[in-house]
Amino acid sequence: MFDKPDVDERLLAAEVAAAWAVDVADLVFMPVGLDGQAWAYRVDASDGERYFLKMRRGEFTQAAVLLPRFLRAQGVRQVVAPIDLPGGGACRGFGDYQLLLYPFHDGGSLWGRGLTDGQWVEYGEFLGRLHAVRPSADLAAVLPVETYRSSAGERLRILGEQAAASETLGAFWDRYGAALHRLSATVDGLASRVTQAQHVLCHADIHPGNLLADDDGPLHVVDWDAPILAPRERDLMFVYSQDFGEHPVNAHRAELFRRGYGPLEPDQTMLSYYRAERQLDDVAVFLGSILNPESSPESQANDLHWLTLIAKTVADPTYAP
């Protein structure tokens, strides 16, 4: 989230210190992510250690907590899992919020600088390994299952009416509203054409922004908030789409990815569905955030930037998801 939450950061630091037995020297807000109900901080400890704190309004899903720990136990080393509380469990309540604490990894995300050749191979190895893991019965019971019934179209319809009447978004909606409604129709059409496929464990947001690495170092995979049992194309869409990161896939990178993943012939209709549905969902998220009266001008400008990029893409006469 771009804007700081309305919390007393001294009390938040004290809560972290008490919960995880960490001597907190500093708490630094990190304006990352697009989830309007989640915020991030870097926790600096007096012994030099650093941690990543995620704070969510409401509750983390059971799958978001259990799956990373399960995968680490299965030997999937790239997964960044929450740190257990000394008394057991991982979540700590803080008023209307819940907290999870993670190891902090230097180097930052690969959205801007892209993956090296070795990291493209490891990207494939990681997703191949993830998609081969069989969840335990307990984990499978709390994981959502793909239905191809997106709520994004209805959210767009409601928010579009508000955007058309909005001083902030009126001109934007006049220019792009029709194209965004066509996108919604495209998603519905693709959903009716997808065929049944084997479900595997999917991260569901595995773009380069959620891959961390230092130079050519090993990958660390973060943001396990929305895992799902779905066809592997749910994750592969992020690999083959040109929408994510400043150095997207090309023929050379695709070959490196396949070298790590293994034999691969993705279903093109399914890839198209997941690309269009993600674009539609992002549009609804950005519209909701911009129309939120509590959003700062800086946050609104940032969201409008990303919203306009998507709108320009789908309004192009040559657009095909």
Does the side chain of [X] reach to within under 4.5 Å of the side chain of [Y], using non-hydrogen atoms?
| X | Y | value |
| --- | --- | --- |
| Pro231 | Asp267 | no |
| Val76 | Leu130 | no |
| Phe257 | Val121 | no |
| Thr186 | Val314 | no |
| Leu211 | Gln78 | no |
| Trp173 | Leu180 | yes |
| Leu183 | Tyr319 | yes |
| Val80 | Pro103 | yes |

Which pair of non-hydrogen atoms, one from [X] and one from [Y], has the smallest distance, and what is that distance?
| X | Y | answer |
| --- | --- | --- |
| Leu229 | Ala140 | CD1-O, 4.5 Å |
| Ala284 | Ala152 | CB-O, 4.3 Å |
| Trp120 | Val239 | CZ3-CG1, 4.1 Å |
| Arg113 | Gly107 | NH1-O, 2.8 Å |
| Tyr51 | Leu101 | CB-CD1, 3.6 Å |
| Ala163 | Leu291 | N-CD1, 4.2 Å |

- prompt: Please walk me through it: do Leu143 and Gln62 pass side-chain contact (heavy atoms from CB on, under 4.5 Å)?
  reply: CA-CA 8 Å; Leu143 280 164; Gln62 287 182 278; over 6 Å; no

message: I'd like to know if Arg259 and Glu255 make a salt bridge, using a cut-off of under 4.0 Å between side-chain N and carboxylate O.
response: no

query: When you look at Asp282 and Arg278, which way does the salt bridge (Lys or Arg N to Asp or Glu O under 4.0 Å) test go after all the steps?
result: CA-CA 6 Å; Asp282 280 349; Arg278 174 58 184 252; 3.1 Å; yes

Between [atom1] of [X] and [atom2] of [Y], what distance do you get to the nearest 0.5 Å?
| X | Y | atom1 | atom2 | answer |
| --- | --- | --- | --- | --- |
| Arg182 | Leu280 | CZ | CG | 13.5 Å |
| Arg149 | Asp188 | CZ | CG | 12.5 Å |
| Asn292 | Leu287 | CG | CG | 12.5 Å |
| Met55 | Arg92 | CE | CZ | 15.0 Å |
| Arg77 | Arg72 | CZ | CZ | 9.5 Å |
| Glu59 | Gln37 | CD | CD | 13.0 Å |

Check whether the side chains of [X] and [Y] place a donor and an acceptor atom closer than 3.5 Å, and report yes or no.
| X | Y | answer |
| --- | --- | --- |
| Glu15 | Tyr97 | no |
| Ser136 | Asp138 | no |
| Asp117 | His252 | yes |
| Arg56 | Gln98 | no |

Would you check if the side chain of [X] reaches a backbone N or O of [Y] as a donor-acceptor pair within less than 3.5 Å?
| X | Y | answer |
| --- | --- | --- |
| Arg275 | Ala320 | yes |
| His203 | Asp223 | yes |
| His220 | Ala213 | no |
| Glu122 | Leu219 | yes |
| Asp8 | Arg10 | yes |
| Ser295 | Gln300 | no |
| Thr269 | Val194 | no |
| Arg253 | Pro248 | yes |
| Asp235 | Ala204 | yes |

- prompt: Of the options Arg234, Glu233, Glu146, which is the one that meets Tyr274 in a side-chain hydrogen bond (donor to acceptor under 3.5 Å, both in side chains)?
  reply: Glu146

message: By the definition side-chain hydrogen bond (donor to acceptor under 3.5 Å, both in side chains), identify the one residue from Glu125, His131, Arg129 that meets it with Tyr261.
response: His131

Applying the 4.5 Å side-chain criterion to the ILVMFWY set and letting contacts propagate, would [X] and [Y] be lumped into a single cluster?
| X | Y | answer |
| --- | --- | --- |
| Leu256 | Tyr240 | yes |
| Val285 | Trp306 | no |
| Ile206 | Ile228 | no |
| Val283 | Tyr176 | yes |
| Leu100 | Val32 | yes |

[atom1] ([X]) with more than 12 external heavy atoms under 6.0 Å:
| X | atom1 | answer |
| --- | --- | --- |
| Glu294 | CD | no |
| Asp96 | CG | no |
| Arg175 | CZ | no |
| Gln162 | CD | yes |

- request: Any chance you could lay out the side-chain contact (heavy atoms from CB on, under 4.5 Å) test for Asp281 and Arg155, step after step, and finish with the verdict?
  value: CA-CA 9 Å; Asp281 187 75; Arg155 287 153 50 213; 2.8 Å; yes

field: Result of checking Tyr123, Phe244, Trp111 against Phe238 for ring pair (Phe, Tyr, Trp, His ring centres under 6.0 Å)
entry: Phe244

task: Could you give me the CA-CA distance, side-chain angles and deciding distance for Leu212 and Phe52, then say whether side-chain contact (heavy atoms from CB on, under 4.5 Å) is met?
output: CA-CA 13 Å; Leu212 311 182; Phe52 181 88; over 6 Å; no

query: salt bridge (Lys or Arg N to Asp or Glu O under 4.0 Å) between Arg42 and Asp26: does it pass, once the steps are laid out?
result: CA-CA 8 Å; Arg42 191 186 74 230; Asp26 199 9; 5.2 Å; no

- request: Could you give me the CA-CA distance, side-chain angles and deciding distance for Trp39 and Arg57, then say whether side-chain contact (heavy atoms from CB on, under 4.5 Å) is met?
  value: CA-CA 9 Å; Trp39 296 264; Arg57 181 183 284 120; 3.5 Å; yes

message: Would you say the ring centers of Tyr41 and Phe29 fall short of 6.0 Å from each other?
response: yes

